[in-house]
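Computed from a predicted model, the values in this text were never measured in an experiment. Sequence lines set the chain letters: A, B, ... in the order given, protein chains first and strands last, and positions in each chain run from 1.
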Amino acid sequence: MRASQLFLPTLREDPGDAEAVSHRLLVRGGFIRQVSAGLWTFLPLGWRVHQKIVQIVREEMDAIGGQEMLMPVLTPAELWQKTGRYAIPEVFKLTDRAGRPLVLPLTHEETITFHAREISSYRQLPQFLYHFQTKDRDEPRPRGGLLRVREFIMKDAYSFDRDEEGLEQSFRLHEAAYHRIFERCGLEYYAVQAESGMMGGSESADFLAPAGSGQNTLVTCENGDYAADLEIARGVPRAPEFPERLDAPEEVQTPGVTTIEGLAERLGIDSAATSKAMPVVRNDGTVVLGLVRGDDRLNESKMAGVLRGGFRPATDEEIRKAFGASGGSLGPVGVSVEVVADETLREGQFVSGANRDGVHLRGIEAGRDYEPRFADLREAREDDACPKCGGRLRFQTAIEIGHIFKLGTFYSMPLEATFLDESGSERPLVMGSYGIGPGRIMAAAVEQRHDEHGIAWPRALAPYEVEIVAIGAAGPEVTAIAERLGEDLEAAGISVLLDDRDLRPGEKFADADLLGCPLRVTVGKKTLEDGRADVLVRRGRGEQRVPVDALAAHVREVL
RNA sequence: CGGGACGUGGCGCAGCCUGGUAGCGCGCCUGCUUUGGGAGCAGGAGGCCGCCGGUUCGAAUCCGGCCGUCCCGACCA
């Protein structure tokens, strides 16, 4: 491809409204352009990268027996009403001229399950079906360029099995395929257990790529034996220094003390030997008291999991009504509401509020003074120890590049997608779903591989493997040789971008650095004096002068 | 949805406080010179100053409303 013919609007300066590195560099490099909040056009160069990713995903899905198809974006609302997902606020809803309600899908579970009704026998199982299709989401807040958008292309795959055992096998097959995909894309990534969110279903695994900008927090152990999303990460906190044990709770006057720090200081004790009460109200209006160690934070997604649904912090009036005290003086003893306590409170005696303003209780013991439901509620912290080996935990922001779910019969039951087993009895299909966002892989690659000059694509994703820069007053001789080199490389199966634009060398070099092709071949009068060209590795920037005749062989070697 | 910021040629910005002929850098077009890390000179094109309304003799500038975009948070298949 000739750069002079390419629609490649590169920018000398960062776009004013871009923060994330991938956002800045992809816009500057002419890969993408914004149309509106969360709506992006892939320009020719960006689309090449996108399609490279798509092809890798396609090959690996096909390799495990996936069958590619295509389902429409416009979808009758009826299907979504049956599964209950019509109520999700992120779903774009519209009507046709006759007033028939339609949705723009977040994912295609409903539609694929509609088709799966044509699976009628256990003999046809398992089935793996997938497509690459546009997804729309009415996001409350798009951000970060491609990191969080309102419309994007997803590869979503669906497995259909006769039972949980089959699903387990299908799930593992897809998991392995995902590992191969992300390896091939040249990304650093971690597979972690995850929340199932609005997908429904039992187990799910998230693939997270550490990145300077990201929506997730990835927790990993320095020894490499533990990785989790912060939403479910389990860290091991230090042991508290408990004061002397008491046979019964004892009141202490703590007027004006409303914070844990204040409390620990006032009583001269370790803040880890106190407990913190977080009153919340569930969707059905009932009040629950969450209890964590004083030096910990309540993790909201863990709490939502324990309560099996949404909740919000209780208001001051609700707190006063339920506990007869204000927020800073709450505790688990003698309350009428359900108490959910973090596992760290199982052993030992803690200080807690007495449910009277200005009064706390020492020596509170779970099981003796109150009967909580125990659960993992605390948010992991950076100074926690690894739950597997005791090593140090590391926190990084990360991009979610793939997510796989065991759905079970969440969709097949309401949509009545059933099959007959050997005994002739009708059973619902057991499903899994597996999603990858190529745009996010693209963003993650840029986040992980860039320098102050621009992008350094992994070879597998690069828009072109080699960029040839013809310089000097790119006279006819230089141009002719640059063109011939390009043809040689392409004949050897290497993709080439030839910068034949009438620009000064500095501008071409700057653009080449920005675009990030793995190799840059420079041809100019000086190199040609002795029949050579310069080959520069974008990453690491090692440059070598190579005879023109040996260029194709050399390029193949270092690429 | 709560908080904050911003909206001025294609891009990045100044001007606004204190109302009076719309400016700078980059890019773009033409010509000449130049050509191994974002050239120089000369000439030129291009702007509903986000939109609507108000105040005023007069509004990019002051006031009100709306819209849009970004950032933090809530949310997040």
Give every pair of a protein N or O atom and an N or O atom of nucleotides 22-25 of chain B that lie under 3.5 Å apart, one pair per line with the distance.
| from | atom 1 | to | atom 2 | distance (Å) |
| --- | --- | --- | --- | --- |
| B:rG25 | N2 | A:E13 | OE1 | 3.3 |

Measure all distances between protein nitrogen or oxygen atoms and nitrogen or oxygen atoms of nucleotides 4-9 of chain B, and list the pairs falling under 3.5 Å.
none

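Residue contacts shown for A:F152 include a base, since a base heavy atom lies under 4.0 Å away. Residue contacts for A:D14: at a heavy-atom cut-off of 4.0 Å it reaches the sugar-phosphate backbone alone, with no base atom in range. The residue A:R28 sits close to a base: some heavy atom pair falls under 4.0 Å. Residue contacts shown for A:E300 are limited to sugar-phosphate atoms, with no base heavy atom under 4.0 Å away.
Taking atom CD on A:E151 and atom P on B:rC76, their separation rounds to 22 Å, with Å as the unit. For the pair A:F92 CZ and B:rC76 C1', the computed distance is 14 Å after rounding to whole Å. Taking atom CD of A:E139 as the reference point, atom P of B:rC1 lies 15 Å away to the nearest angstrom. Put simply, CZ on A:R501 is 13 Å from P on B:rG27, counting in whole angstrom units. For the pair A:E452 CD and B:rG37 P, the computed distance is 17 Å after rounding to whole Å. What separates CG of A:L515 from C1' of B:rG38 is a distance of 14 Å, to the nearest Å. Regarding A:E543, its CD atom lies at a distance of 10 Å from the C1' atom of B:rG36, rounded to whole Å. Counting to the nearest Å, the P atom of B:rG37 and the NE2 atom of A:H453 are 14 Å from each other.
Note on ring orientation: taking the six-membered ring where Trp is involved, the planes of A:H131 and A:H108 are perpendicular (angle over 60°, cut-offs 30° and 60°).
Of the candidates B:rA39, B:rC75, B:rG36, B:rC75 carries the atom nearest the A:P140 side chain, counting heavy atoms from C-beta on. The side chain of A:L11 lies closest to B:rC11 when the candidates are B:rC11, B:rU35, B:rG36. Counting only heavy atoms from C-beta on, A:T522 has its side chain closest to B:rG36 among B:rG36, B:rG38, B:rG37.
Under the 3.5 Å distance criterion, with hydrogens and angles disregarded, no donor-acceptor pair is assigned to the side chains of A:Y190 and A:T220. Side-chain contact of A:T315 with A:E318: a donor-acceptor pair under 3.5 Å is present, judged by distance alone. There is no side-chain donor-acceptor pair under 3.5 Å between A:D156 and A:T107. A:Y189 and A:H179 share a side-chain donor-acceptor pair at under 3.5 Å. At a cut-off of 3.5 Å, with distance as the only test, no side-chain donor of A:E447 or A:H450 sits close to an acceptor on the other residue.
B:rU55 and B:rC67: their P atoms are spaced 23 Å apart (whole Å). Between the P atoms of B:rC16 and B:rG7, the separation comes to 13 Å (whole Å). B:rC17 and B:rG64 are spaced 15 Å apart, taking the P atom of each and rounding to whole Å. A gap of 36 Å separates the C1' atoms of B:rU34 and B:rG15, to the nearest Å. Look at the C1' atom in both B:rC49 and B:rA14: the space between them is 13 Å, to the nearest Å. For B:rG73 and B:rA60, the C1' atoms lie 33 Å apart once the distance is rounded to whole Å. Rounded to whole Å, the P atom of B:rG9 lies 22 Å from the corresponding atom of B:rA5. One P atom belongs to B:rG25, the other to B:rG44, and the distance between them is 15 Å to the nearest Å.
Checking A:L528 against A:Q215, the closest nucleotide of RNA chain B that is more toward the 5' end is the one next to A:L528.
B:rU35 is unpaired under the Watson-Crick or G-U wobble criterion, no partner having all donor-acceptor distances under 3.5 Å. When Watson-Crick and G-U wobble pairs are counted only if both distances are under 3.5 Å, B:rA42 pairs with B:rU30. As the counterpart of B:rA60, no nucleotide is assigned, since no Watson-Crick or G-U wobble pattern has both distances under 3.5 Å. With both pairing distances under 3.5 Å, B:rC75 is matched to nothing as a Watson-Crick or G-U wobble pair. Across all strands shown, B:rC24 forms a Watson-Crick or G-U wobble pair, both distances under 3.5 Å, with B:rG12. The nucleotide B:rG7 finds its pairing partner in B:rC67, both defining distances of the Watson-Crick or G-U wobble pair being shorter than 3.5 Å.
Taking 4.0 angstrom as the limit, A:R12 places none of its side-chain polar atoms (N or O) nearer than this to OP1 or OP2 of B:rC26.
Considering all non-hydrogen atoms of both residues, A:I401 and A:R440 come closest at CG2-O, 4.0 Å. Of all the heavy atoms in A:V149 and A:G38, the pair that sits closest is CB-O, 3.4 Å.
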Tell me, for nucleotides 66-72 of chain B in 5' to 3' order, what letter each nucleotide earns: B for a base near a protein heavy atom under 4.0 Å, S for only sugar-phosphate near one, - for neither?
---SSBB
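Under the rule for a side-chain contact (heavy atoms from CB on, under 4.5 Å), A:P72 has no partner lying at least two apart in sequence or in another chain. Under the side-chain contact (heavy atoms from CB on, under 4.5 Å) criterion, A:T527 pairs with A:V523, A:D534, A:R545, sequence neighbours left out.
Residue-environment remark: CD (A:Q67) exceeds the threshold of 12 foreign heavy atoms within 6.0 Å.
In this structure, the side chain of A:R148 does not engage the main chain of A:R143 through any donor-acceptor pair within 3.5 Å.
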Can you give the donor-acceptor pairs under 3.5 Å from side chains of residues 5-19 of chain A to other protein atoms, not counting sequence neighbours?
| from | atom 1 | to | atom 2 | distance (Å) |
| --- | --- | --- | --- | --- |
| A:T10 | OG1 | A:D511 | OD1 | 3.3 |
| A:T10 | OG1 | A:D511 | OD2 | 3.3 |
| A:D14 | OD2 | A:R24 | NE | 3.0 |

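Figure legend: cation-pi geometry between A:K406 and A:F171, with NZ or CZ positioned under 6.0 Å from the six-membered ring centre and within 45° of its axis.
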